[in-house]
Amino acid sequence: MTKFSIVATVKDRKLLKSVEMMQASAVRFNSSHCDLGELESFLEYYNRNCSLPLYLDLQGAKFRLSRNQLEFEIKTGEQVILGSSGLELKTISIDPRALSYLSAGMRVSIEDGKIELEVLKAESEYARALVLRGGTIRAAKGMNISPHPVNQIELSSRDAEIVALSKKYGFIRYALSFVSSSCEVTELKELSQRPVASKIERELPFDRIEDIAKASDEIWFCRGDLGAQLGTRGLVDFYRFFTRNIERLNRPVLMAGEVLEHMVDHPCATRSEICHLVDIKENGYAGVVLSNETAYGSFPIETIKTVLEVTSDE
Ligand SMILES: Nc1ncnc2c1ncn2[C@@H]1O[C@H](COP(=O)(O)OP(=O)(O)OP(=O)(O)O)[C@@H](O)[C@H]1O
Ligand SMILES: CC(=O)C(=O)O
């Protein structure tokens, strides 16, 4: 029987040795959180020091706040600016592609729904929004409007540059965010000649997901963004339908997003997390992708240990 995969996200080189010693199956590094120079030096180090496969996560069609965004708190009930303006309000610097889609009344979610805004007024350079649920604004965090308005048909120039600098490494594979068609995946595979995991992060007709799977080596079911796109009930309905049809995809499918989220700041998982983890395995998922738990959580090694303990066949 194939081993249940554990992909551990890291944000720098510090955890690599321990992740390898814990027998994780692969490492994930998100290219959206660093500049190309930092990425190159991380890859050089990885090449010399880690023998696990490395998924390089590409932004694809996903919207994010700017990497230069300053950190600050926003409070429920206050107004903020999205984009840039001279108004005396806190300014959240968003993906320029997103601005043209904003209109009054639209909901904007930041960091998988931790922060919620409602657009009050949209201009060409900026939008004014009311904070419905406050929190801390941080650089490069994901942003969602639903339904996601961008269907990418080719790689962005930044993603193509990342592929050009990374594909020489034999340990590299790619995880492509917000995929909506098989042609994006085919382009990436042809350009890189490397395996590609397609991240399902928005609702798509199942036959489209089947097409994407045919072009991909692996599928990741990404609950963080799916939850922001679909809301609670929508996520549950999509998850149930997807899971019942998982065998039709004929590819390994990994579960990503809040797998053992409680362990970001607690040494143990909740009972419901561990029971759900074993259900995921029974339902045909081939593994999990750990995100916050290993990227910045306080108990990364304990998290990997817990997944091993719950999912091992012995
Ligand atoms: N290279 C990095 N540098 C700094 N912080 C990072 C880096 N990689 C991850 N992080 C931090 O860890 C968090 C989790 O990383 P991860 O890539 O799983 O999340 P994400 O930004 O929500 O993207 P995705 O939705 O693609 O998972 C990030 O939001 C960020 O705060
Ligand atoms: C992992 C990821 O991208 C998500 O859960 O949205």
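First listed ligand is number 1; within each ligand, the first listed atom is number 1. Note that this is a predicted model, so its numbers are computed, not measured.
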Starting from atom 17 (O) of ligand 1, find the nearest protein heavy-atom neighbour and note its residue, name and distance.
N30 ND2, 2.7 Å
Numbering the atoms of ligand 2 from 1, which are under 4.0 Å from a heavy atom of G257?
5 (O)
What part of C34, side chain, backbone, both or neither, has a heavy atom within less than 4.0 angstrom of ligand 1?
neither
Taking non-hydrogen atoms only, is R64 closer than 4.0 angstrom to ligand 1 via side chain, backbone, both or neither?
side chain
Is the closest heavy-atom distance from K62 to ligand 1 below 4.0 Å?
yes
Under 4.0 Å from one or more heavy atoms of D225, ligand 1 contributes atoms 25 (O)
Please write down residue, atom name and distance for the protein heavy atom closest to atom 2 (C) of ligand 1.
H33 CB, 3.3 Å
shortest atom 6 (O) of ligand 2-to-protein heavy-atom contact is with D225 OD2, 2.7 Å
Between T9 and Y55, is a side chain to side chain donor-acceptor pair (under 3.5 Å) present by the stated rule, with each step listed?
CA-CA 9 Å; T9 303; Y55 289 92; over 6 Å; no
Strictly distance-based, threshold 3.5 Å: is any side-chain N or O of S31 a donor or acceptor partner for the main-chain N or O of D57?
yes
F29 to ligand 1, any heavy atom closer than 4.0 Å:
yes
Heavy atom of the protein closest to atom 14 (C) of ligand 1 (residue, atom name, distance)
N292 OD1, 3.1 Å
What do you reckon, does S291 have a nitrogen or oxygen under 3.5 Å from a nitrogen or oxygen of ligand 2?
no
The single option from L43, L52, V27 passing side-chain contact (heavy atoms from CB on, under 4.5 Å) against F171
L43
Which residue owns the protein heavy atom closest to atom 11 (C) of ligand 1, what's the atom, and how far is it?
Y296 CD2, 4.1 Å
When distances are taken from atom 29 (O) of ligand 1, the protein heavy atom at minimum range is K141 NZ, 2.8 Å
Say whether R28, considering both its backbone and side-chain N or O atoms, lies within less than 3.5 Å of an N or O atom on ligand 2.
no
Where is the nearest protein heavy atom to atom 1 (N) of ligand 1: which residue, which atom, and how far?
K11 O, 3.4 Å
Per-residue contact class, E258 against ligand 2 - non-hydrogen pairs under 4.0 Å
neither
Side chain, backbone, both or neither: which applies to R28 and ligand 1 if a contact is any heavy-atom pair less than 4.0 Å apart?
side chain
Does any N or O of ligand 1 fall below 3.5 Å from an N or O anywhere on S177, backbone included?
no
Without swapping roles, check the side chain of R97 against the backbone of K62 for a donor-acceptor pair under 3.5 Å.
yes
What is the closest protein heavy atom to atom 26 (O) of ligand 1, and at what distance does it sit?
K199 NZ, 2.8 Å
At less than 4.0 angstrom from any non-hydrogen atom of G224, what atoms of ligand 2 do you find?
4 (C), 5 (O), 6 (O)
Verify whether one side chain among S177 and K199 offers a donor that lies under 3.5 Å from an acceptor in the other.
yes
Examine the side chains of S182 and D211 and answer whether a donor and an acceptor come within less than 3.5 Å of each other.
no
Under 4.0 Å from one or more heavy atoms of K199, ligand 2 contributes atoms 3 (O)
With a 3.5 Å distance limit and no angle check, can you tell me whether D217 reaches the backbone of V196 through a side-chain donor-acceptor pair?
yes
With E78 as reference, evaluate K90, R133, R128 under the salt bridge (Lys or Arg N to Asp or Glu O under 4.0 Å) test and give the passing residue.
K90
